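Encoded as structure tokens, the structure appears first; notes follow it.
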Amino acid sequence: MKAFLYKAKGALALALAMSLCSTQVFAADALSAEQQGVQVAPVVEKPEEEVAPLPALTYEEALAKAKKHSPNLRDIQATADFLQETKEDLWDSVGYFNNVNYDYQKWVNDGWWAVTSAAFQTDMGIQQSSIGRKVQELALEATVKSSFTTILSSLDTLDLAQKNADMQKKLYQQGQAKYKLGLLSKYNLDQLQIAADQAQDQVTQLEASLEQTYIQLNNLMGEKVDARFAIVYDVEYEPYEMTQTMEQYINDKINSDLTIQLKELEVESAKFGKNYLKESSDGSEQNQNELTYDQAKRALKTAKEEKALAIRNAYLQIQQLETAYTSAQADLTKAQADYRAVQVNYQAGNVTKTAVEQAEMGVLKAESALRQNAYNHDMLVFTFENPSLLGSSSQS
């Protein structure tokens, strides 16, 4: 046994001696190289490649790009130009004439009816194109705003989800260690793995959803699919304040609502058809025109009622979001207090570092909930102030 120990000690001493010898030889060689004027290349660490910052994109810039690229706006403009040319051609062929009076029923010569009807319908088309352009521009504005708030919301949610995935992965790794020591059952270890996998799956899903939103925004602006921008859009939460009664607000908004204006043009067109008749008109044609007029008036009345209800519902949703915001503020205050308490207990050695990290996650979640509410509130207030975007009561 002693012989074995002696032999082992001898082998170890030999190895150390060879190591020292090699070091001395290397030092001597290096010194000799310097003395001979030979430059020894220093070890240079490769610097990390800097990622170029994304180009900034403001809401105003995105909206301008979207309007310039919009095929719908180009179609509307082409239609308006065509109608204007049609009107000018009509005037060139028959000369200028005043708009006809159709407040009461009258019968006119078939030829004159054809000319005046064509002029009337052309004017109606021009007005509809003008309103249609405003509707499309407002829809683009809402879509860009929605894309911006969705991207900001998704980035916030993704960041929180990634932190949660990292936390779940760490808990699973700790569980594996405990399982090896017999301090955790296989069932509980499996549950930790499932939670970790689900957290990572959520990150993957959120990344895919964010990618889709980027692609949709790029398509709206006419940019390349893979183009990426740094979204510049500040959302500051402020409770919405009504400066007039709800009835006054509804009346004002309905009078200026673009979709209601289109319905009113339909009523006018139906009224013209009912009252301005050609001499060859028969009874069945008159009855059909009167039915069309009655239907248009009922549709306008229904549209106004549904619009009023949609405005009321939107305001109630704003109030609900503001109540939720107050509740979220209370949740944040509680999460911050819990986090401070856990930190104190950690310093006293009463809890683990993991407990501190979990309490910190609670604060991050509460902060994220406030931001999500602010994004939704910003979008809903915009829609409420532009009720032309609101559909029927069922859609709202």
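Please read these numbers as outputs of a predicted model, since none were measured by experiment.
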### Message
Can you confirm whether Met167 sits close enough to Met361 that some side-chain heavy atom of one is under 4.5 Å from a side-chain heavy atom of the other?
### Response
yes

### Message
Aromatic contact between Tyr325 and His377, with the criterion being ring centroids under 6.0 Å apart: yes or no?
### Response
no

### Close side-chain approach of Asp331 and Ser327, heavy atoms under 4.5 Å
yes

### Task
Check the side chains of Asp166 and Gln162 for a donor-acceptor pair under 3.5 angstrom, ignoring hydrogens and angles.
yes

### Under 3.5 Å side-chain donor-acceptor pair for Gln372 and Ser153
yes

### Message
Less than 3.5 Å apart, any donor N or O on the side chain of Ser147 or Gln216 sitting next to an acceptor on the other?
### Response
no

### Task
Consider only side-chain N and O atoms of Ser388 and Asn386, and report whether a donor and an acceptor are under 3.5 Å apart.
no

### Message
Testing Phe272, Tyr276, Trp113, Trp107 one by one against Tyr102 for a ring-ring contact (aromatic ring centres under 6.0 Å, His included), which residue passes?
### Response
Phe272

### Message
Working note: Asp257 + Thr259, criterion side-chain hydrogen bond (donor to acceptor under 3.5 Å, both in side chains); need CA distance, chi angles, decisive distance, verdict.
### Response
CA-CA 6 Å; Asp257 188 273; Thr259 58; 2.3 Å; yes

#### Entry: Check: Gln343/Tyr339 side-chain N/O donor and acceptor closer than 3.5 Å
yes

### Task
Take Phe382 and Leu389, measure what side-chain contact (heavy atoms from CB on, under 4.5 Å) needs, and give me the verdict at the end.
CA-CA 9 Å; Phe382 177 80; Leu389 297 168; 3.7 Å; yes

### Message
Can you see whether Asn287 engages Ser284 through a side-chain donor-acceptor pair at a distance of less than 3.5 angstrom?
### Response
no

### Query
Do you see a donor-acceptor pair shorter than 3.5 Å between the side chains of Gln202 and Asn164?
no

### Query
Are any of the side-chain heavy atoms of Lys263 and Glu266 separated by less than 4.5 Å?
yes

### Query
With side chains defined as the heavy atoms from C-beta onward, is the minimum distance between Asn275 and Lys106 less than 4.5 Å?
no

### Task
Evaluate the side-chain proximity of Lys134 to Leu138: yes if any heavy-atom separation is below 4.5 Å, no if none is.
no

### Task
Determine, stepwise, if the pair Leu220 / Leu140 fulfils side-chain contact (heavy atoms from CB on, under 4.5 Å).
CA-CA 9 Å; Leu220 192 69; Leu140 283 175; 3.8 Å; yes

### Message
Less than 4.5 Å apart, side chain to side chain, heavy atoms only: is that true for Lys278 and Glu285?
### Response
yes

### Query
Using 4.0 Å as the upper bound for N to carboxylate O, is an ion pair formed by Glu360 and Lys365?
no

### Query
Hey, do the aromatic rings of Phe384 and Tyr249 have their centres closer than 6.0 Å?
yes

### Task
Tell me yes or no: between the side chains of Gln77 and Asp81, is some donor less than 3.5 Å from an acceptor?
yes

